[in-house]
Visitor: 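Have a look at the structure that comes next, please.
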Amino acid sequence: MAFILRAFILLFFYTFVWNLSCITPLFSSSTDEYSDVQCLKSIKDSLEDPFNHLTWTFEHLTAGSFCNFVGVECWHDQEFKILNLSLSNMALKGKFPQGLEHCKSLQFLDLSGNHLYGTIPLEISQNLPNLISLNLANNSFSGEIPSTLANCSYLNMLELDHNQLTGQIPSATWPAWKDQGV
Ligand SMILES: *[C@@H]1O[C@H](CO)[C@@H](O)[C@H](O)[C@H]1NC(C)=O
Ligand SMILES: *[C@@H]1O[C@H](CO)[C@@H](O)[C@H](O)[C@H]1NC(C)=O
Ligand SMILES: *[C@@H]1O[C@H](CO)[C@@H](O)[C@H](O)[C@H]1NC(C)=O
């Protein structure tokens, strides 16, 4: 009896897990195929958007359909990979969106002119290793400028002005920063 019960529980468990993995393939995928979608979803979830600029909806997504979302530009139209995310002057409020870590292919990020606050995460160089351009100007970021930015080896445009940041732009070996002061 105990054996049958255990077998039943096991079967139930597997069925449950199986169902879960079938119902939510879009966001539970461990491959990075959908990770950029997850990136956008968590950005939208984590920020207050009082003027509803982020008209992003995640139902009935087809390949590349999110590439037409406001502020989003993909590497290729039919590919779920974001090249350029431009969300400036949208009155967005919140912390630096943690979900950006799922946008690994991102090269251009513009969050300037919003009401973002808190620190710029130290993990930014690990999470967004391919950044060429980072614009966080005109927000309310505070704390130290992360020294780890020096590890974003492709970064050649950094704008942090009009925040409450302290510290220095980390020195590194790449050519001239387009540094606009802090
Ligand atoms: C990124 O997207 C914004 C908004 O569409 C655009 O103005 C900007 O030129 C783009 N940047 C690059 C490098 O393509
Ligand atoms: C910051 O805001 C000022 C005033 O609105 C504007 O002139 C400037 O271009 C903005 N800076 C950036 C980097 O967006
Ligand atoms: C840069 O990356 C290297 C290797 O991952 C690491 O050892 C170093 O601490 C990093 N430097 C900064 C400033 O994050």
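Whatever order the structure lists them in is the order used to number ligands and atoms, beginning at 1.
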Visitor: So, Tyr117 versus Phe141, ring centres under 6.0 angstrom or not?
Guide: no
Visitor: Atom 5 (O) of ligand 1: protein heavy atom closer than 4.0 Å?
Guide: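 Given the 4.0 Å limit, the answer for atom 5 (O) of ligand 1 is no, no protein heavy atom qualifies.
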Visitor: Which atoms from ligand 1 have a heavy atom of Ser86 less than 4.0 Å away?
Guide: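 This gives 2 (O), 3 (C), 4 (C) as the contact atoms.
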Visitor: Report yes if some heavy atom in the side chain of Phe96 is under 4.5 Å from a heavy atom in the side chain of Thr119; otherwise report no.
Guide: no
Visitor: Any atoms of ligand 2 less than 4.0 Å from a non-hydrogen atom of Asn138? List them with their elements.
Guide: 1 (C), 2 (O), 3 (C), 8 (C), 10 (C), 11 (N), 12 (C), 14 (O)
Visitor: For atom 9 (O) of ligand 1, state whether the nearest protein heavy atom is under 4.0 Å away.
Guide: no
Visitor: Please check atom 14 (O) of ligand 1 for a protein heavy-atom neighbour under 4.0 Å.
Guide: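 It does; a protein heavy atom is within 4.0 Å.
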Visitor: For the pair Asp36 (side chain) and Lys81 (backbone), establish whether a donor and an acceptor sit closer than 3.5 Å, ignoring hydrogens and angles.
Guide: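 No; judged by distance alone, with no hydrogens or angles, the pair does not exist.
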Visitor: Number the atoms of ligand 2 from 1 as they appear, then name those within less than 4.0 Å of a heavy atom of Asn135, with their elements.
Guide: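 Close to Asn135: 13 (C).
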Visitor: What part of Glu73, side chain, backbone, both or neither, has a heavy atom within less than 4.0 angstrom of ligand 1?
Guide: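 Side chain only; the backbone of Glu73 stays clear of ligand 1.
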Visitor: What atoms in ligand 1 come closer than 4.0 Å to a heavy atom of Phe108?
Guide: 13 (C)
Visitor: Step through the shown structure and confirm whether more than 12 heavy atoms of other residues, nucleotides or ligands are within 6.0 Å of NZ on Lys93.
Guide: no
Visitor: Is the closest heavy atom of His162 to ligand 2 under 4.0 Å?
Guide: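 In this structure, His162 fails to qualify as a contact of ligand 2 - no heavy atom is under 4.0 Å.
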Visitor: Do Leu131 and Phe108 touch side chain to side chain, with heavy atoms closer than 4.5 Å?
Guide: no
Visitor: Just verifying a value: how many Å separate Ser88 OG and Asp110 CG, rounded to the nearest 0.5 Å?
Guide: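 So the gap between those two atoms works out to 4.5 Å.
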Visitor: For atom 2 (O) of ligand 1, what is the closest protein heavy atom, and at what distance to 0.1 Å?
Guide: Asn84 ND2, 2.4 Å
Visitor: Can a donor-acceptor pair be found, under 3.5 Å and without considering hydrogens, that links the side chain of Asn139 to the backbone of Leu116?
Guide: yes
